[in-house]
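For reference, positions follow the sequence shown, starting with 1. From a predicted model like this one, the values you see are computed outputs, not experimental measurements.
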Amino acid sequence: MSTSVFDIFKVGIGPSSSHTVGPMKAALQFVQGLRVEGLLTQVDRIQIDLHGSLGATGRGHGSDRAVLLGLEGDSPEQVIPDLIDGHLQRIHSTRSLWLLRRHAIGFNPKTDLNFHWQPLPFHPNGMTFTALNQSAQLLVKRTYYSTGGGFVVDERMANVDRLLLHRSLVPYPFKTCGELLAFCQQSRFSISQLMLENEKVWRSEVEIRTQLLQLWHVMQACVERGCRTEGILPGGLKVKRRAADLYQCLTLRSQTTDPLAILDWVNLYALAVNEENAAGGRMVTAPTNGAAGIIPAVLHYYTRFCHKSCEDGVVRFLLVAGAIAMLYKENASISGADVGCQGEVGVACSMAAGALTEVLGGTPEQVENAAEIGMEHNLGLTCDPVGGLVQVPCIERNAMGAIKAINAARMALKGNGQHCVHLDKVIKVMRDTGADMHDKYKETARGGLAANIIEC
């Protein structure tokens, strides 16, 4: 189980948490292991094999650049897009790598970085790193899996129930929404209060609130950058950034009688974030990069358009959203390569719907209802990025997911929390639907829009 909300929300770079941040972390973990084992200076060559979705869409998502940066010891939070592009150009020109910035080895991208469409057994986002010495003898070979949202496990941890490793640490250990609601009833806590008590195992209440608000500030900064940055997104599709023009349009017509004008602002917030993500900008994974615009868009809706919004509401919003994400992470998946976009945009919509419901006065039962509505109407959503880029349909899909989350919250708040289909059942259905979904619809760019739209 991801026991902390800070495991769900992380500051990183675009365009993909599972294809950019995850591979970077895995590569860094591999070379750090070589150093700990005293083998770093014996390495003469490293071969990298990217499998499954990483193999199919890795170039478009920046996986090739990410693993090289990871081997050289750069962290996702510090790297900017220009550095990534310049780094890959240097690799091609000099054909060398500085492992952890300490030990130089030769590197030929054409032979040492390989892409395979066939997935490895545990997860579609698999990668293998092989270190060889000067005599071409094997030193170390390790496999890692990027399981969504920047989470990485190696082959030894792939089948371990991580929930059991941490369950005894927190006062209210839950794996299902049923358990979460039962704890709320017993303690008379809201979901955010219960999550706060669990978080206190690792941080003080002041630290929790401060760090959550810092994440909110990063989200706000991402929206601001997206609203003022014009131009064409990188990658070859020639997708024009629209957020800046939309922002100018909305600010010029600030006085309007259009009853749906608020929806334009929500669309703007989501588009701004995901255009920044597509450009490799700095943002908050929520719970993935591909779906990172939904939480900030709904939070902006709350702080700007909802009566009596406050910073405490922002903190509670993120705590509830984190709790809902944990349920999906443990009982299904938040990886588009694993279950399709229902695991990314669908989960983010569910998170935002439930979180908004609590901060607008909803009960835990109404929160559960809103989260269920948010996912139920995203079931079967495929991941079919055109050109393997996190642009079409991903950017607009975040705007649609944010609007759907707000509507789900409103529907739940008009009820009493009683409904036919419960969140735990919908999470199971989402997992089963993902298992039944054809692989070409799971972040391989071989089906759906990706296979039927001519790249321009």
Pair D245, R242 - check salt bridge (Lys or Arg N to Asp or Glu O under 4.0 Å), show working.
CA-CA 6 Å; D245 288 344; R242 291 180 290 173; over 6 Å; no

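- The closest side-chain heavy-atom distance from N398 to V273 is not below 4.5 Å.
- Under the 3.5 Å distance criterion, with hydrogens and angles disregarded, a donor-acceptor pair is assigned to the side chains of H217 and Q220.
- Put simply, the side chain of Y301 reaches to within 4.5 Å of the side chain of C306, judged on heavy atoms.
- Paired with C349 under the rule side chain to side chain contact (heavy atoms under 4.5 Å, CB included), one option of N407, V298, N378 passes, and it is N378.
- Taken to the nearest 0.5 Å, the NE2 atom of H51 stands 14.5 Å off from the NE2 atom of H123.
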Go through the steps to decide whether S146 and N125 satisfy the test side chain to side chain donor-acceptor pair (under 3.5 Å), and finish with yes or no.
CA-CA 5 Å; S146 179; N125 290 331; 4.8 Å; no

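- Annotation: Y302, atom OH; neighbour count of heavy atoms from other residues, nucleotides and ligands within 6.0 Å is above 12.
- Put simply, the side chain of S333 never gets that close to the backbone of T147: no donor and acceptor are under 3.5 Å apart.
- Under the 3.5 Å distance criterion, with hydrogens and angles disregarded, no donor-acceptor pair is assigned to the side chains of S17 and T288.
- Using a 30° and 60° split on the angle between ring planes, H422 and H419 fall in the tilted class, from 30° to 60°.
- Between I395 and L233, some side-chain heavy-atom pair lies under the 4.5 Å cut-off.
- A distance-only check finds a donor-acceptor pair linking the side chain of K442 to the backbone of D338 [under 3.5 Å].
- Considering only heavy atoms from C-beta on, M219 comes within 4.5 Å of I295 through its side chain.
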Side chain to side chain donor-acceptor pair (under 3.5 Å) between E443 and T57: does it pass, once the steps are laid out?
CA-CA 7 Å; E443 210 166 358; T57 64; 4.9 Å; no

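- Distance check: M326 CE to L180 CG gives 10.0 Å after rounding to the nearest 0.5 Å.
- Both tests do not hold together for R228 against Y247: distance to the six-membered ring centre under 6.0 Å, angle to the ring axis within 45°.
- At a threshold of 4.5 Å between non-hydrogen side-chain atoms, the residues Y145 and V152 do not count as touching.
- A distance-only check finds a donor-acceptor pair linking the side chain of N289 to the backbone of I13 [under 3.5 Å].
- Side chain of K200 to main chain of E205: no donor-acceptor pair is present (N/O by atom type, distance under 3.5 Å, no hydrogens or angles).
- In this structure the side chain of M437 reaches within 4.5 angstrom of the side chain of T382, judged on heavy atoms.
- Remark: the backbone N or O of G417 is not paired with any side-chain donor or acceptor of N369 at under 3.5 angstrom.
- For E344 (side chain) and G336 (main-chain N/O), a donor-acceptor pair under 3.5 Å exists by modelled atom type.
- Judged by the 6.0 Å distance and 45° axis criteria, K25 is not positioned over the aromatic ring of Y144.
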Worked check of salt bridge (Lys or Arg N to Asp or Glu O under 4.0 Å) between K440 and D384
CA-CA 8 Å; K440 69 181 181 180; D384 52 353; over 6 Å; no

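- Ring planes of F129 and F30: parallel class, angle under 30° (limits at 30 and 60°).
- Between P23 and L54 the shortest side-chain heavy-atom distance falls below 4.5 Å.
- Under a 3.5 Å cut-off, the side chain of Q342 and the backbone N or O of M375 do not form any donor-acceptor pair.
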Verify salt bridge (Lys or Arg N to Asp or Glu O under 4.0 Å) between K175 and E179, making sure each step is shown before the conclusion.
CA-CA 7 Å; K175 183 173 182 178; E179 293 173 349; over 6 Å; no

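- Salt bridge status for E230 with R241: absent, with no side-chain N to carboxylate O gap under 4.0 Å.
- Put simply, CD1 on I208 and CH2 on W202 are 9.5 Å apart, with the number rounded to the nearest 0.5 Å.
- For the atom pair OG1 of T285 and CG of D7, the computed distance is 12.0 Å after rounding to the nearest 0.5 Å.
- The local environment of NZ in K428 is sparse, with at most 12 non-hydrogen atoms from other residues, nucleotides or ligands closer than 6.0 Å.
- Within the 3.5 Å criterion, the main-chain N or O of A355 finds no donor-acceptor partner in the side chain of E358.
- One distance of note links OG of S53 with NE2 of H19; it measures 3.0 Å at 0.5 Å rounding.
- Residues Y172 and S187 meet the side-chain proximity criterion, which asks for heavy atoms closer than 4.5 Å.
- Here the straight-line distance linking atom CG of L181 with atom CD of E365 works out to 5.5 Å at 0.5 Å rounding.
- Tested against H300 for a ring pair (Phe, Tyr, Trp, His ring centres under 6.0 Å), the candidates F305, W265, W216 yield a single pass: W216.
- The residues D312 and R209 are annotated as salt-bridged, a charged nitrogen and a carboxylate oxygen being separated by less than 4.0 angstrom.
- A donor-acceptor contact shorter than 3.5 Å is absent between the side chain of T357 and the backbone of G362.
- Looking at Q366, its side chain does come within 3.5 Å of a backbone N or O of T363 through a donor-acceptor pair.
- Closest of all the heavy-atom pairs between I294 and A352 is CG2-CB, 3.9 Å.
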